[in-house]
Amino acid sequence: MASVGPSAASTQPSLPSGPAVFKTIPYAFILPEIICGTWVWILVAATSVSLPLLQGWVMYVSLTSCLISLLLLLSYLLGFHKNSENWKVLDSLYHGATAILYMSAAVLQANATINSEFNPNGPPNYQLNSAASFFAFLTTFLYILHAFSIYYQ
């Protein structure tokens, strides 16, 4: 006799499409990730970069992840995922890897902030660098939250 209960495939939560993306917990983190990541690269670009190797990596990570997250948000808004389970895996892997890259960028930006504090001859970029460090760590936290919440969903 066949079971009367719902099948295992129907008990999986569906992936949101359209405006429902902004109301669903793991996917609602995408817009704040984009906004905070944009602040990171704007603030770093506003400083006169005294450590190009360190802050170049920060700019690369923040700009690349901002653009990829924007594409991911657009794909969710337009419904390209077609409720496939592979999108959850892709989303979780992307946000986990980006969280690791953002952590390295946040630490390097904090190092640049410390170096700009003790540079008496350079331009006064300490406030911009410390704001960029704050937003880099905040963005890292958002990517970590997104990766774990989609993993445990």
Side-chain angles (χ1 to χ4, degrees), residues 13 15-153:
L15 295 172
S17 293
V21 170
F22 301 114
K23 298 175 185 173
T24 310
I25 276 300
Y27 308 102
F29 290 129
I30 295 176
L31 193 59
E33 291 164 1
I34 293 170
I35 293 170
C36 291
T38 304
W39 272 112
V40 171
W41 66 266
I42 287 173
L43 290 167
V44 172
T47 66
S48 62
V49 178
S50 57
L51 301 164
L53 187 62
L54 300 181
Q55 290 179 307
W57 176 250
V58 175
M59 289 289 288
Y60 172 75
V61 168
S62 60
L63 187 59
T64 304
S65 7
C66 181
L67 291 175
I68 294 173
S69 293
L70 185 62
L71 289 174
L72 192 62
L73 177 64
L74 287 174
S75 66
Y76 279 124
L77 286 174
L78 298 175
F80 288 150
H81 54 77
K82 295 187 176 43
N83 218 8
S84 171
E85 192 67 28
N86 295 333
W87 276 84
K88 285 185 179 182
V89 174
L90 172 79
D91 196 355
S92 181
L93 288 175
Y94 164 70
H95 282 87
T98 305
I100 293 169
L101 293 175
Y102 241 111
M103 180 59 79
S104 69
V107 168
L108 290 176
Q109 181 58 38
N111 186 13
T113 303
I114 292 169
N115 288 339
S116 71
E117 181 182 19
F118 298 117
N119 188 4
N121 299 331
N125 290 324
Y126 179 71
Q127 287 82 12
L128 291 173
N129 281 325
S130 54
S133 296
F134 170 76
F135 279 109
F137 280 108
L138 180 64
T139 308
T140 303
F141 181 66
L142 288 170
Y143 275 105
I144 290 170
L145 278 177
H146 188 123
F148 278 116
S149 62
I150 193 107
Y151 181 74
Y152 287 115
Q153 185 182 25

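Annotation for L142 and C36: closest pair CD1-SG, 4.1 Å, computed over non-hydrogen atoms. Here the closest heavy-atom approach between residue V40 and residue A132 is recorded as CG2-O, 4.0 Å. Closest heavy-atom contact between T140 and A99: CG2-O, 3.7 Å. Nearest approach of S92 to A147, heavy atoms of both residues: OG-O, 3.7 Å. For the pair A112 and N129, the tightest heavy-atom approach, listed with the atom from each and the gap, is O-ND2, 4.1 Å. The minimum heavy-atom distance linking V58 with A105 is given by the pair CG2-O, 3.2 Å.
Counting heavy atoms from C-beta on, the side chains of Y94 and Y143 come closer than 4.5 Å. Looking at S62 and W39, their side chains never come closer than 4.5 Å, going by heavy atoms from C-beta outward. Looking only at side-chain heavy atoms (C-beta outward), I35 and F135 stay at 4.5 Å or farther from each other. Side-chain contact between L108 and Q55 is absent, with no heavy atoms from C-beta onward closer than 4.5 Å.
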>> Could you go through H146 and D91, starting from their C-alpha distance and side-chain angles, then the distance that decides it, and tell me whether this counts as side chain to side chain contact (heavy atoms under 4.5 Å, CB included)?
In response: CA-CA 9 Å; H146 188 123; D91 196 355; 3.2 Å; yes
Query raised in the report: Could you walk me through whether W57 and L53 pass the side chain to side chain contact (heavy atoms under 4.5 Å, CB included) check?
Result: CA-CA 7 Å; W57 176 250; L53 187 62; over 6 Å; no
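The backbone N or O of L101 lies less than 3.5 Å from a partner atom in the side chain of S104, making a donor-acceptor pair. No side-chain donor-acceptor contact under 3.5 Å links S69 to the backbone of I30.
To the nearest 0.5 Å, the span separating OG1 on T47 from CG on L128 amounts to 6.5 Å. A distance of 10.0 Å separates OH of Y102 from CG of L138, quoted to the nearest 0.5 Å. Annotation: the span from I144 atom CD1 to S149 atom OG amounts to 11.5 Å, rounded to 0.5 Å.
Judged by distance alone, the side chains of T98 and S65 never bring a donor and an acceptor atom under 3.5 Å apart.
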